Each structure stands twice: as C-alpha cells, then as structure tokens.
Participant: 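Dropping the structure in here first, questions after.
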Amino acid sequence: MATQLTKNFTLEEMSHSNTAKARNMKNEPNIEQTDNLFRLCNRLLQPLREAYGEAFIISSGYRSPEVNKAVGGVPTSQHMKGQAADVSVKDPRKLLAALLRSGLDFDQAILYQDGRNNFLHMSYNSGHNRKQVLYSKGTKP
Ligand SMILES: [Zn+2]
C-alpha cells in the first residue's frame, strides 16, 4: 500500500527512481529525509498542484548519494536531503509562472527546457527559503 504524504503525492512516487530500479540500488529516505519530503509536498507541491490544476509527474524526488551520482546530480543536490523534486508537466515554463504568481514559499526553482529536458526542479528548505529562480544551461530565461 502506498504511503500518502498529501492528497496527490505518495512517499513511493517521491522516492521512485528509474535509475535505482534499473541498477538495483537502494533509494529509501530516512526519517529526516521523509520529513523533508512531507514538507516539500505539504507546503509547496500540493498547494501549487491545486492552483495549477494539472497532474504533476515526479520524475525525481529523493535520491540516495549513490543514485544522485548515477544520474549526474551535483554533489550538493537537495534531492539527497528530500528537499527537491523534478516536476514534469506539459509546459514547465507555465508552471514556473504559476509558482511565482502563487506567492508560495520555495528555495530554488530551476527551469529545464533545453530541447532535451522539459521539467521544473523545485526545492523547499524550511526556514531557509531563498525564492531563487534559475535556468539550466541551454534554457531561455
Ligand atoms: Zn532536480
């Protein structure tokens, strides 16, 4: 049975990794990381999803250090703390605009829309949210 973190997000989808599955790597968040995933969903992803009105596909949430390395994540990635998720929707640029309009608190939003990638990375760091917007290499600001 799935563990529901909020109405639309489960712990399983927040810690699923195709790479981990394919390479038989463990990718299980501990209590602290699960707590961060809950906050990320409860304070950011769920209210944003409701404002946006389209299903979010989580292409990456929690990553163990091993999985993060395997997918080429930066060594300081907030994915390893359970503080970040990559969200796929039809138009992630529109989702970024909705995020900024919403007034919701977030740490970083990074738009990946470079012809190869098409998602919005969002993080939430309780008490340290910077509301920083960045664009990946090759993505038009
Ligand atoms: Zn990410």
Side-chain angles (χ1 to χ4, degrees), residues 1-114 116-141:
M1 223 182 75
T3 306
Q4 215 68 40
L5 290 174
T6 61
K7 185 165 172 262
N8 294 108
F9 299 100
T10 65
L11 181 59
E12 286 72 17
E13 69 182 316
M14 294 303 297
S15 48
H16 173 83
S17 161
N18 285 332
T19 303
K21 212 161 186 187
R23 302 195 191 178
N24 232 338
M25 293 169 169
K26 229 177 100 180
N27 197 54
E28 287 167 15
N30 64 22
I31 289 181
E32 196 188 331
Q33 292 149 352
T34 302
D35 226 50
N36 286 336
L37 287 172
F38 172 71
R39 270 192 281 267
L40 171 69
C41 291
N42 193 48
R43 300 189 190 163
L44 179 58
L45 299 185
Q46 185 66 41
L48 182 61
R49 192 222 173 276
E50 279 163 26
Y52 197 62
E54 189 188 315
F56 287 1
I57 294 162
I58 309 295
S59 42
S60 184
Y62 169 73
R63 293 177 196 156
S64 70
E66 195 188 10
V67 169
N68 187 61
K69 209 170 168 188
V71 300
V74 294
T76 55
S77 175
Q78 289 182 301
H79 284 282
M80 291 188 291
K81 293 181 178 168
Q83 293 176 334
D86 297 338
V87 174
S88 292
V89 290
K90 241 177 281 156
D91 186 356
R93 191 176 290 273
K94 217 175 105 191
L95 181 58
L96 174 60
L99 170 65
L100 298 178
R101 251 196 334 268
S102 72
L104 288 165
D105 211 15
F106 64 94
D107 189 28
Q108 277 188 326
I110 310 175
L111 181 64
Y112 288 79
Q113 199 168 45
D114 53 21
R116 215 160 41 89
N117 300 298
N118 196 48
F119 63 87
L120 183 64
H121 164 106
M122 286 179 275
S123 67
Y124 190 92
N125 186 4
S126 213
H128 305 278
N129 286 314
R130 294 168 287 178
K131 285 202 169 185
Q132 188 176 52
V133 177
L134 299 166
Y135 300 86
S136 79
K137 216 168 122 188
T139 300
K140 241 186 8 221

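Note that this is a predicted model, so its numbers are computed, not measured.
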Participant: Is any side-chain heavy atom of V89 closer than 4.5 Å to one of L120?
Facilitator: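 The answer is no; the side chains never approach within 4.5 Å.
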Participant: Looking at every non-hydrogen atom in both residues, tell me the closest pair between F106 and Q132 and how far apart they are.
Facilitator: CE1-O, 3.6 Å
Participant: So for atom NZ, which belongs to K94, do other residues, nucleotides or ligands contribute more than 12 heavy atoms lying within a distance under 6.0 Å?
Facilitator: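 Incorrect, the count does not exceed 12.
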Participant: Within a strict 4.5 Å, meaning less than it, do heavy atoms of the V71 and S60 side chains meet?
Facilitator: no
Participant: Please report the shortest heavy-atom distance between L95 and L48, naming the atom on each side.
Facilitator: CD1-CD2, 3.8 Å
Participant: Determine, step by step, whether Y135 and L96 satisfy the side chain to side chain contact (heavy atoms under 4.5 Å, CB included) criterion, reporting the C-alpha distance in whole Å, the side-chain angles of both residues, the deciding distance to 0.1 Å, and the verdict.
Facilitator: CA-CA 11 Å; Y135 300 86; L96 174 60; 4.0 Å; yes
Participant: What distance separates N27 CG from H79 NE2, expressed to the nearest 0.5 Å?
Facilitator: 11.5 Å
Participant: For a quick test of reading the model, state the closest non-hydrogen atom pair linking E12 to T3 and the distance between them.
Facilitator: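 Heavy-atom minimum between the residues: OE1-N, 2.8 Å.
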Participant: Please round to the nearest 0.5 Å and tell me the distance separating atom OG of S59 and atom CD of E13.
Facilitator: 11.0 Å
Participant: Residues in ring-ring contact (aromatic ring centres under 6.0 Å, His included) with F119, at least two apart?
Facilitator: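 With neighbours one apart ignored, the set is Y112.
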Participant: With the side chain counted from C-beta on, respond yes when V87 and I58 share a heavy-atom pair under 4.5 Å apart, and no when they do not.
Facilitator: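 Yes. Closest side-chain heavy atoms under 4.5 Å.
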Participant: Give a yes-or-no answer on whether the side chains of S126 and R43 include a donor-acceptor pair shorter than 3.5 Å.
Facilitator: yes
Participant: Roughly how far, to the nearest 0.5 Å, is the CG atom of L11 from the CG atom of L5?
Facilitator: 5.0 Å
Participant: Which value, rounded to the nearest 0.5 Å, describes the distance between K140 atom NZ and L111 atom CG?
Facilitator: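 Atom-to-atom, K140:NZ and L111:CG are 10.5 Å apart.
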Participant: Considering non-hydrogen atoms only, spot the tightest contact between Q33 and E28 and give its length.
Facilitator: OE1-O, 4.4 Å
Participant: Please check: side-chain N/O of D91 versus main-chain N/O of R93, any donor-acceptor pairing under 3.5 Å?
Facilitator: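 Flag set: sc D91 to bb R93 pair under 3.5 Å.
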Participant: Taking side chain as C-beta onward, heavy atoms only, is R63 less than 4.5 Å from S77?
Facilitator: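 Side chain of R63 against side chain of S77, heavy atoms only: contact under 4.5 Å found.
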Participant: Over all heavy atoms of both residues, which pair between V67 and S17 is shortest? Give the atoms and the distance, please.
Facilitator: CG1-OG, 3.5 Å
Participant: Shortest non-hydrogen contact from G82 to L40?
Facilitator: O-CD2, 4.2 Å
Participant: I need the F38 CZ to L45 CG distance, nearest 0.5 Å.
Facilitator: 12.0 Å
Participant: Check whether any side-chain N or O of N36 sits under 3.5 Å from a backbone N or O of K81 as a donor-acceptor pair, and report yes or no.
Facilitator: yes
Participant: Test side chain to side chain contact (heavy atoms under 4.5 Å, CB included) on M14 and C41; report intermediate values, then the result.
Facilitator: CA-CA 9 Å; M14 294 303 297; C41 291; 3.8 Å; yes
Participant: To the nearest 0.5 Å, what is the distance between CG on L44 and OG1 on T6?
Facilitator: 10.5 Å
Participant: Does R130 reach the main-chain N or O of N125 with its side chain, forming a donor-acceptor pair under 3.5 Å?
Facilitator: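 The answer is no, because no donor-acceptor pair under 3.5 Å joins these two groups.
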Participant: Do we see a donor-acceptor contact under 3.5 Å between the side chains of Q78 and D107?
Facilitator: yes
Participant: Does N8 offer a backbone N or O that forms a donor-acceptor pair with the side chain of Q46 under 3.5 Å?
Facilitator: yes
Participant: Any ion pair linking R39 and D105 (charged N to carboxylate O, less than 4.0 Å)?
Facilitator: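 No, this pair does not count.
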